[in-house]
2 protein chains.
Amino acid sequence: MAEGSYHHGNLRAALLERAEAVLTESGPAGLSLRGLARDLGVSHAAPTRHFRDRQALLDALAVSGFTEFNRRLGEAADGPGGVERRLEALGRAYLGFAVERHALLHLMFAAKHEERSSEELRQLGHHSLDIASRLLAEAQTAGAVRPGDPARLAQVAFSTVHGLAVLAVGGLLDETPLDEAGDLALRVLLAGLRPPA
Amino acid sequence: MAEGSYHHGNLRAALLERAEAVLTESGPAGLSLRGLARDLGVSHAAPTRHFRDRQALLDALAVSGFTEFNRRLGEAADGPGGVERRLEALGRAYLGFAVERHALLHLMFAAKHEERSSEELRQLGHHSLDIASRLLAEAQTAGAVRPGDPARLAQVAFSTVHGLAVLAVGGLLDETPLDEAGDLALRVLLAGLRPPA
DNA sequence: ACCTGAACACCGTTCAAGT
DNA sequence: ACCTGAACACCGTTCAAGT
């Protein structure tokens with residue numbers, strides 16, 4: 001239980017959870033510490049005990065988002081099947097997360113972060129790229145992907161998938177279902193990565 | 001001249017210009033109507049004469065950004081050279097704008113817009129995609145690009161370039177110069193778009 | 001037309017004080 | 001440890017009033 005140990009019990013986790021919901025519903029402009037405190041029934045100063053300021057809460061949310069994101073990417077990369085199938089699964093895992101939790105993904109990739117936690121965020125971002133990089137290196141030895149620095153190829157692969165997610169969330173895809181757009185994007189990407197004949 | 005006709009002369013344009021600068025320097029959180037008014041030496045209520053509210057100013061900025069963006073894309077698409085060279089130029093024009101004016105591009109593709117102007121923004125966004133679509137259709141008849149709905153292929157092409165720009169601005173590219181990352185991304189993309197052998 | 005100045009309800013942040 | 005309540009300096013928005 002541990003509910004209501006003092007006034008709330010687990011204010012930190014509750015703040016993060018509520019913050020993502022508000023971010024998803026109303027965007028960054030609609031998120032205020034005072035509003036969160038109201039929603040959770042604590043005084044407006046209570047969040048300060050857990051997050052030094054508004055940005056610290058956003059950073060913590062980005063960190064927890066990246067952790068979950070990387071967990072999902074790793075799962076796809078280590079899944080069943082040959083390397084090409086796992087590359088595809090990786091792309092789909094990315095797109096799935098991006099659409100499901102687009103507010104969070106946006107926060108994760110936003111440029112502005114507090115000095116003190118940006119290092120952790122950068123490392124988490126690198127880990128995402130490393131997962132793709134590792135899989136691409138495996139695909140290279142299998143002869144399914146062109147030679148070249150796999151880290152750079154991972155940047156290209158991420159670009160395609162990330163850009164598609166942004167277009168989808170921004171409404172630029174119109175009536176095209178994301179699944180179909182994702183299919184085509186992954187097909188074009190994998191064809192482009194294949195070794196030149 | 002027309003400077004200082006009443007108090008400022010061209011407050012609307014001055015607000016937009018200053019707003020983009022603030023957005024670039026300090027991000028959306030650092031942008032306030034009151035701050036802009038202070039910077040320009042007018043009362044805090046003066047901006048309301050030109051923009052009903054904060055969002056209206058952001059929308060107007062996004063519209064002007066898209067107009068310039070589309071102008072540049074159109075220039076690249078109608079430039080000299082064969083269709084493949086112009087496709088490359090289109091990609092470079094996109095990346096150039098994205099990095100030069102990343103705060104503006106971000107605003108342009110942000111999902112949240114006022115009801116009354118989102119239609120105009122959507123149309124401008126479509127026009128960007130149409131430029132790519134038109135060029136891809138031309139490349140298809142020249143046999144340089146695989147068959148299929150050029151509008152969908154344009155979505156894929158935009159995804160790659162847009163995603164790369166986001167990664168660059170977000171600091172995920174590390175020491176990789178954007179030019180090099182852009183080269184590789186465009187090469188992979190164009191290879192992926194080529195008709196299957 | 002265009003801008004001012006006061007007003008209102010919000011916000012982030014700080015800090016002494018309570019339990 | 002964790003939270004409260006008051007305080008301060010900000011903010012967006014509105015509106016009567018000035019020129």
Side-chain angles (χ1 to χ4, degrees), chain A residues 1-23 25-62 103 107 110 112-117, chain B residues 1-23 25-62 103 107 110 112-117:
Chain A
M1 300 297 132
E3 272 297 314
S5 67
Y6 191 93
H7 260 113
H8 192 274
N10 197 357
L11 185 54
R12 195 191 130 93
L15 283 166
L16 286 175
E17 188 182 350
R18 179 72 193 140
E20 186 184 348
V22 172
L23 227 43
E25 288 167 27
S26 323
L31 181 76
S32 79
L33 291 180
R34 286 175 106 109
L36 293 179
R38 255 195 313 272
D39 292 348
L40 299 176
V42 295
S43 88
H44 67 260
T48 310
R49 292 296 121 192
H50 300 282
F51 304 103
R52 170 185 330 194
D53 55 24
R54 188 180 187 273
Q55 188 60 48
L57 182 145
L58 292 177
D59 285 350
L61 198 54
L107 184 65
K112 295 219 77 167
H113 301 297
E114 290 275 275
E115 275 311 314
R116 70 184 179 291
S117 61
Chain B
M1 296 295 127
E3 273 295 315
S5 67
Y6 192 91
H7 261 110
H8 192 275
N10 197 357
L11 184 55
R12 196 191 129 94
L15 283 166
L16 286 175
E17 188 182 350
R18 180 72 193 140
E20 187 185 349
V22 172
L23 228 43
E25 288 166 28
S26 322
L31 182 76
S32 81
L33 290 180
R34 286 175 106 109
L36 292 178
R38 256 196 312 273
D39 292 349
L40 299 176
V42 295
S43 88
H44 68 260
T48 310
R49 293 295 121 190
H50 300 281
F51 303 104
R52 169 185 330 193
D53 55 25
R54 187 180 188 274
Q55 189 59 47
L57 182 145
L58 292 177
D59 286 349
L61 197 54
L107 183 66
K112 295 221 78 164
H113 302 297
E114 290 274 277
E115 275 311 314
R116 70 183 177 291
S117 61

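Letters A, B, ... are given to chains in the order of the sequence lines, protein chains preceding strands, and every chain is numbered from 1.
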Integer-rounded Å distance: [N] [atom2] and [X] [atom1]:
X: B/D53; N: D/dC15; atom1: CG; atom2: P; value: 14 Å
X: A/L36; N: C/dC10; atom1: CG; atom2: P; value: 16 Å
X: A/L31; N: D/dC11; atom1: CG; atom2: P; value: 19 Å
X: B/F51; N: C/dC3; atom1: CZ; atom2: C1'; value: 15 Å
X: B/R52; N: D/dT14; atom1: CZ; atom2: P; value: 9 Å
X: A/L33; N: D/dT4; atom1: CG; atom2: C1'; value: 16 Å
X: A/L40; N: D/dC2; atom1: CG; atom2: P; value: 16 Å
X: A/R12; N: D/dC3; atom1: CZ; atom2: P; value: 13 Å

Heavy-atom closest contact ([X] atom, [Y] atom, distance):
X: B/L57; Y: B/A19; value: CD2-CB, 3.7 Å
X: A/A60; Y: A/F51; value: CB-CE2, 3.6 Å
X: B/S43; Y: B/A37; value: O-CB, 3.4 Å

When B/L31, B/V42, B/L11 are each screened for side chain to side chain contact (heavy atoms under 4.5 Å, CB included) with B/L36, the one that passes is B/L31
Output the distance between atom [atom1] ([X]) and atom [atom2] ([Y]), rounded to the nearest 0.5 Å.
X: A/E17; Y: A/N10; atom1: CD; atom2: CG; answer: 10.0 Å
X: A/L15; Y: A/L33; atom1: CG; atom2: CG; answer: 8.0 Å
X: B/E20; Y: B/E25; atom1: CD; atom2: CD; answer: 11.0 Å
X: B/R18; Y: B/R38; atom1: CZ; atom2: CZ; answer: 11.0 Å

Could you check whether A/R49 gets within reach of a base, just the sugar-phosphate, or nothing at all, counting any heavy atom under 4.0 Å?
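Base: the residue A/R49, judged by heavy atoms under 4.0 Å, touches a nucleobase.
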Beyond-backbone contact of A/L58 with A/Q55, side-chain heavy atoms, under 4.5 angstrom:
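Yes, side chains in contact.
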Taking N or O atoms only and anything under 3.5 Å, show me the protein contacts with nucleotides 5-7 of chain C, one pair per line.
from, atom 1, to, atom 2, distance (Å)
C/dA6, N6, B/H44, NE2, 2.9

What stems show up for DNA chain D when you take Watson-Crick pairs (N1-N3 plus N6-O4 or O6-N4) and G-U wobbles (N1-O2, O6-N3), both under 3.5 Å, and require three or more consecutive pairs?
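The stems that DNA chain D takes part in, listed by first number, are C:4-8 with D:12-16, C:12-16 with D:4-8.
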Nearest-nucleotide check on DNA chain C, B/H50 vs A/R54; residue mapping nearer the 5' end is B/H50
Indicate whether OP1 or OP2 belonging to D/dT13 is found under 4.0 Å from a side-chain N or O atom of B/T48.
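No, outside the criterion.
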